[in-house]
Amino acid sequence: MSEISFNQLVYGLVRNIPSGKVLSYGRVAYLLDVPNGARAVGWALSALKDSETGISGVPWHRVVNAQGRVSIKGSPDAAMEQRIRLEAEGIEFDKYDTLDMTRYLWEPALPEIETILVQLRGQDAPD
DNA sequence: CAATTGACTTGAT
DNA sequence: TATCAAGCCAATT
């Protein structure tokens, strides 16, 4: 059997972030039981192919850094696209290009996360 | 198997 | 608010 990869777990969890809400890279890692894997989460999202970001794809734009700012490097276009998408969901940025985490952070109940993780891990060979 | 590479985070300055 | 240095991680080379 093959364990579902970390990247797939990231994509699966991100798919559950509701519109108008966000999660930080570090928060995603934390929820996946990898407390210090923020960078790995960013790496995973950067690896997304365009084909995976469509309607039924991964809402990658709902993941920002812990400060509440768009954190895409190397591609101004992608960074702009992320902001546009977030604003389209009703999220507002202040004059410092920062969104209010206390207001937009997705804070799912523990049981909810537990359920999601079980499904993600379960859809792959359980054992 | 070791080195490299970032869409990260935190704490100090 | 802006910079820097360290620590941390999975996927790639």
Side-chain angles (χ1 to χ4, degrees):
Chain A
M1 64 147 273
S2 62
E3 282 276 314
I4 181 174
S5 73
F6 176 77
N7 281 21
Q8 293 306 311
L9 285 175
V10 170
Y11 304 151
L13 176 55
V14 172
R15 283 179 203 281
N16 285 281
I17 303 175
S19 174
K21 288 293 179 180
V22 303
L23 228 43
S24 69
Y25 299 90
R27 193 64 188 150
V28 170
Y30 174 80
L31 293 175
L32 291 179
D33 299 309
V34 185
N36 302 303
R39 307 193 66 153
V41 171
W43 199 98
L45 295 181
S46 70
L48 279 175
K49 305 298 182 190
D50 294 318
S51 59
E52 306 176 88
T53 63
I55 300 296
S56 61
V58 182
W60 56 274
H61 59 287
R62 295 179 189 147
V63 182
V64 297
N65 66 28
Q67 317 301 305
R69 312 183 68 186
V70 167
S71 183
I72 296 181
K73 297 178 179 178
S75 175
D77 289 348
M80 179 183 78
E81 184 184 342
Q82 175 166 20
R83 175 164 175 159
I84 299 291
R85 290 196 183 200
L86 290 174
E87 296 183 319
E89 298 184 349
I91 291 179
E92 299 175 4
F93 287 77
D94 63 20
K95 58 182 177 181
Y96 300 112
D97 300 309
T98 303
L99 60 80
D100 185 350
M101 290 302 267
T102 71
R103 180 182 175 189
Y104 303 115
L105 179 66
W106 181 43
E107 304 186 277
L110 195 57
E112 182 176 357
I113 281 299
E114 209 51 51
T115 300
I116 293 174
L117 294 185
V118 169
Q119 295 187 326
L120 292 178
R121 288 169 169 143
Q123 65 184 40
D124 189 70
D127 234 321

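None of these values were measured; they are calculated from a predicted model. For the numbers below, each heavy atom of this structure counts, side chains included, while hydrogens, waters and symmetry mates do not. Every chain is numbered from 1 and lettered A, B, ... according to where its sequence line falls, protein lines coming before strand lines.
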Spacing of [X] atom [atom1] relative to [N] atom [atom2], expressed in whole Å:
X	N	atom1	atom2	answer
A/D33	C/dC8	CG	C1'	16 Å
A/R39	C/dA5	CZ	P	14 Å
A/L31	C/dC9	CG	C1'	16 Å
A/L45	B/dG6	CG	P	15 Å
A/I72	B/dG6	CD1	C1'	13 Å
A/N36	C/dA6	CG	C1'	12 Å
A/R69	C/dT1	CZ	C1'	9 Å
A/E3	C/dA11	CD	C1'	17 Å

Taking A/N16 for its side chain and A/G12 for its backbone only, find out whether a donor-acceptor pair lies under 3.5 Å.
yes
Under a 3.5 Å distance rule, please check whether A/R69 uses its side chain to pair with a backbone N or O of A/Y96 as donor and acceptor.
yes
Residue [X], side-chain atoms from C-beta onward, closest of [options]:
X	options	value
A/Y25	B/dT10, C/dT1, B/dA7	B/dA7
A/Y96	B/dT9, C/dT1, B/dA7	C/dT1
A/A38	B/dC8, B/dT10, C/dA11	B/dC8

Measuring from A/Y11:OH to A/L48:CG, what's the distance to the nearest 0.5 Å?
4.0 Å
Does A/S24 place a side-chain N or O at less than 4.0 Å from the phosphate oxygens OP1/OP2 of B/dT9?
yes
Does B/dG6 have OP1 or OP2 sitting under 4.0 Å from an N or O in the side chain of A/S46?
no
With a 3.5 Å cut-off and no angle check, do the side chains of A/D77 and A/S75 form a donor-acceptor pair?
no
Toward the 5' end of DNA chain B, by each residue's nearest nucleotide, A/G74 or A/Q67
A/G74
What is the pairing partner of B/dA7, taking Watson-Crick or G-U wobble pairs with both distances under 3.5 Å in any strand?
none
For residues A/V63 and A/W43: do they belong to one hydrophobic cluster (side chain heavy atoms under 4.5 Å, members Ile, Leu, Val, Met, Phe, Trp, Tyr)?
no
